[in-house]
Amino acid sequence: MTPARHGRTAAVLSGIGAWLPPRVVTNDELATRLDTSDAWIRSRTGIGQRHFIEAGMSTGSLAVEAGARALKSANLDSVDVVVLATTTPDQPCPATAPLVAARLGMTAVPAFDVGAVCAGFVYALSVAAGLIVSGTVGNALVIGADAFSTLLDPTDRGSGVIFGDGAGAVVLRSGEPDEPGALGPFDLGTDGEHAELIEIPAGGSAQRAGGVPTRADDHYFTMQGRAVFKHAVLRMTASVQRAVRRARWTMADVDRVAAHQANSRILHALADQLGMAHETFLSNIDRVGNTAAASVPLLLNDAVADGTLRPGQRVVLTSFGGGLAWGSTTLRWPELDVV
Ligand code: COA
């Protein structure tokens, strides 16, 4: 490890990568097995297609592909720690991060998973940034990867049309607080009183200790869509405002918002609440849907690739999901290669 030695340190973004499994699932394909339509999905969510994993793939394999690209973008072969945000680990035990680290050629580094559902990537980023700023590590690979297609109830048209699989990753290194790419203060929060709005009822210790036989359906992801929608707008609005204040910016300083891609109507409502133009909000939801923990890094990667996110722009990252959990941070976008 190469801990920071002196002065004020910050965690600085120095690499980015993403990966999508090749199989594309169109709205029309979903409409062959769910009571829905391309027109409904596009108008109510902004989603046109998503990617699903196939046999032989898993969250780990998505994470390895995205992680390898982020390392290449940072010109590194290895890092001091691997932090993986996911709700769909390869197995309940062990964590997926050590397997991912090993497949990336790192067999002696700390590697662990972070669980904050769709807010997971921002949480993982905050943990890795804390390890860097405390001098525990000199750099970190932070990955958001999920395969929600493996959790979906085949009869649930609400959640069934939203989610897609994918992975995004960034490399952080120790640097100066005022250089491009330096992460600003984080705003993080949860409200467990509304945990039941997004859940998988079975598969954990509560269900097993209860001795209650589970129904197959209890292993599926469930979401109360309309209530979640309202919380998403409220929580992300307040979180963005706090993160901007903590960075000593004003809303007028913000050039781009990279928000969790849950529903394009949520993004528009968030922009309206914040008094920002819809165009300020980066979006790739039409092509990938809601990729859970992968959403924000995948969005950043795509926005760099298509030129909507450019060096020097002031960016807010914000995310929201099960927990309920939310998190935001700020940075001035650095020069990065997308590979
Ligand atoms: N196709 C067609 N009709 C559908 C449908 C679908 N895929 N999903 C729901 N409907 C129907 C409902 O049955 C309902 O019909 P009714 O009025 O006859 O009862 C109607 O559309 C409205 O249902 P509602 O659940 O209010 O839809 P919605 O506009 O809220 O859209 C979601 C549903 C899931 C797309 C939306 O609530 C959503 O995006 N929620 C937030 C998700 C989120 O942010 N998740 C973040 C954590 S990961």
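All values below were derived from every heavy atom in this structure, side-chain atoms included, with hydrogens, water molecules and symmetry-related copies excluded. Counting starts at 1 for both ligands and their atoms, in listed order.
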Subject >> Verdict with reasoning, D113 to T86, per side chain to side chain donor-acceptor pair (under 3.5 Å) >> reply: CA-CA 7 Å; D113 294 359; T86 189; over 6 Å; no
Subject >> Per-residue contact class, I266 against ligand 1 - non-hydrogen pairs under 4.0 Å >> reply: side chain
Subject >> Contact partition for L34 relative to ligand 1, non-hydrogen atoms under 4.0 Å >> reply: neither
**OP:** If you have a sec, work out which protein heavy atom is nearest atom 23 (O) of ligand 1 and how many Å separate them, to one decimal?
**Re:** R226 NH2, 3.8 Å
Original post:
Do R256 and W333 meet the cation-pi criteria used here (NZ or CZ under 6.0 Å from the six-membered ring centre, within 45° of the axis)?
Top reply: no
**OP:** Tell me whether L141 is reachable from L298 by hopping between hydrophobic residues (I, L, V, M, F, W, Y) whose side-chain heavy atoms are closer than 4.5 Å.
**Re:** no
Original post:
Just going by heavy-atom distances, which of D35, L197, V228 is nearest to atom 46 (C) of ligand 1?
Top reply: V228
**OP:** Under 4.0 Å, heavy atoms only, figure out whether ligand 1 is touched by the backbone of N290, its side chain, both or neither.
**Re:** side chain
Original post:
Under 3.5 Å between some N or O of ligand 1 and some N or O of S37?
Top reply: no
Original post:
Is atom 10 (N) of ligand 1 less than 4.0 angstrom from some protein heavy atom?
Top reply: yes
**OP:** List the closest protein heavy-atom neighbour of atom 28 (P) of ligand 1: residue, atom name, distance to the nearest 0.1 Å.
**Re:** R265 NH2, 3.8 Å
Subject >> Proximal atoms of ligand 1 relative to V161 (non-hydrogen, under 4.0 Å) >> reply: 7 (N)
Original post:
Does atom 44 (O) of ligand 1 have any protein heavy atom closer than 4.0 Å?
Top reply: yes
Original post:
For the side-chain contact (heavy atoms from CB on, under 4.5 Å) test, which of N139, L125, V12 pairs with L172?
Top reply: L125
**OP:** Examine distances only and state if a side-chain atom of N263 and a backbone atom of R44 form a donor-acceptor pair shorter than 3.5 Å.
**Re:** yes
**OP:** Check each atom of ligand 1 against the heavy atoms of I162 and keep those under 4.0 Å away; list them by number with element.
**Re:** 34 (C), 35 (C), 39 (O)
**OP:** May I ask you to decide if the ring planes of F163 and F221 are parallel, tilted or perpendicular, using 30° and 60° as cut-offs?
**Re:** perpendicular
Original post:
Given side chains that start at C-beta, do those of V254 and R314 come closer than 4.5 Å, heavy atoms only?
Top reply: no
Original post:
Are V142 and L299 connected in the hydrophobic side-chain network, where two residues link if heavy atoms are under 4.5 Å apart?
Top reply: yes
**OP:** Between A119, S319, S264, G225, flag the one that comes closest to atom 41 (C) of ligand 1 by a heavy atom.
**Re:** G225
Subject >> Closest protein heavy atom to atom 12 (C) of ligand 1, given as residue, atom name and distance to 0.1 Å >> reply: R157 NH2, 3.7 Å
Original post:
Looking at atom 18 (O) of ligand 1, would you say a protein heavy atom lies below 4.0 Å from it?
Top reply: no
If you look only at distance, which donor and acceptor atoms sit under 3.5 Å apart when one is on a side chain in residues 222-238 and the other is two or more places apart or in another chain?
| from | atom 1 | to | atom 2 | distance (Å) |
| --- | --- | --- | --- | --- |
| T222 | OG1 | E199 | O | 3.0 |
| R235 | NH2 | D191 | OD2 | 2.7 |
| T237 | OG1 | V233 | O | 2.6 |

Subject >> Closest protein heavy atom to atom 39 (O) of ligand 1, given as residue, atom name and distance to 0.1 Å >> reply: N263 ND2, 2.7 Å
Original post:
Shared ILVMFWY cluster between V114 and I132, side chains joined below 4.5 angstrom?
Top reply: yes
**OP:** Using a strict cut-off of 4.0 Å, indicate which atoms of ligand 1 neighbour a heavy atom of I198.
**Re:** 47 (C)
Original post:
Which ligand 1 atoms does T36 reach within 4.0 Å, using its non-hydrogen atoms?
Top reply: 1 (N), 2 (C), 6 (C), 7 (N)
Original post:
Is there side-chain contact between Q207 and P201, with at least one heavy-atom pair below 4.5 Å?
Top reply: no
Original post:
For ligand 1, which atoms have a heavy atom of M223 less than 4.0 angstrom away?
Top reply: 34 (C), 42 (C), 45 (N)
**OP:** Check each of V288, V24, N27 against R50 using the side-chain contact (heavy atoms from CB on, under 4.5 Å) test, and report the only one that passes.
**Re:** N27
Original post:
So which protein heavy atom does atom 33 (C) of ligand 1 come closest to, and at what separation?
Top reply: W40 CH2, 4.0 Å
Original post:
Just which atoms of ligand 1 are under 4.0 Å from any heavy atom in C118?
Top reply: 48 (S)
Subject >> Proximal ligand 1 atoms for R44, defined as those under 4.0 Å from one of its heavy atoms >> reply: 29 (O)
Original post:
Where does T45 meet ligand 1, judged by heavy-atom distances below 4.0 Å: at the side chain, the backbone, both, or neither?
Top reply: side chain
Original post:
Between D146 and F148, is there a donor-acceptor pair closer than 3.5 Å when you use the side chain of the first and the backbone of the second?
Top reply: no
Subject >> Within-cutoff protein neighbour (heavy atom, under 4.0 Å) for atom 14 (C) of ligand 1 >> reply: no
**OP:** Please answer whether the main-chain N or O of R242 pairs with a side-chain N or O of D187 as donor and acceptor at a distance below 3.5 Å.
**Re:** no
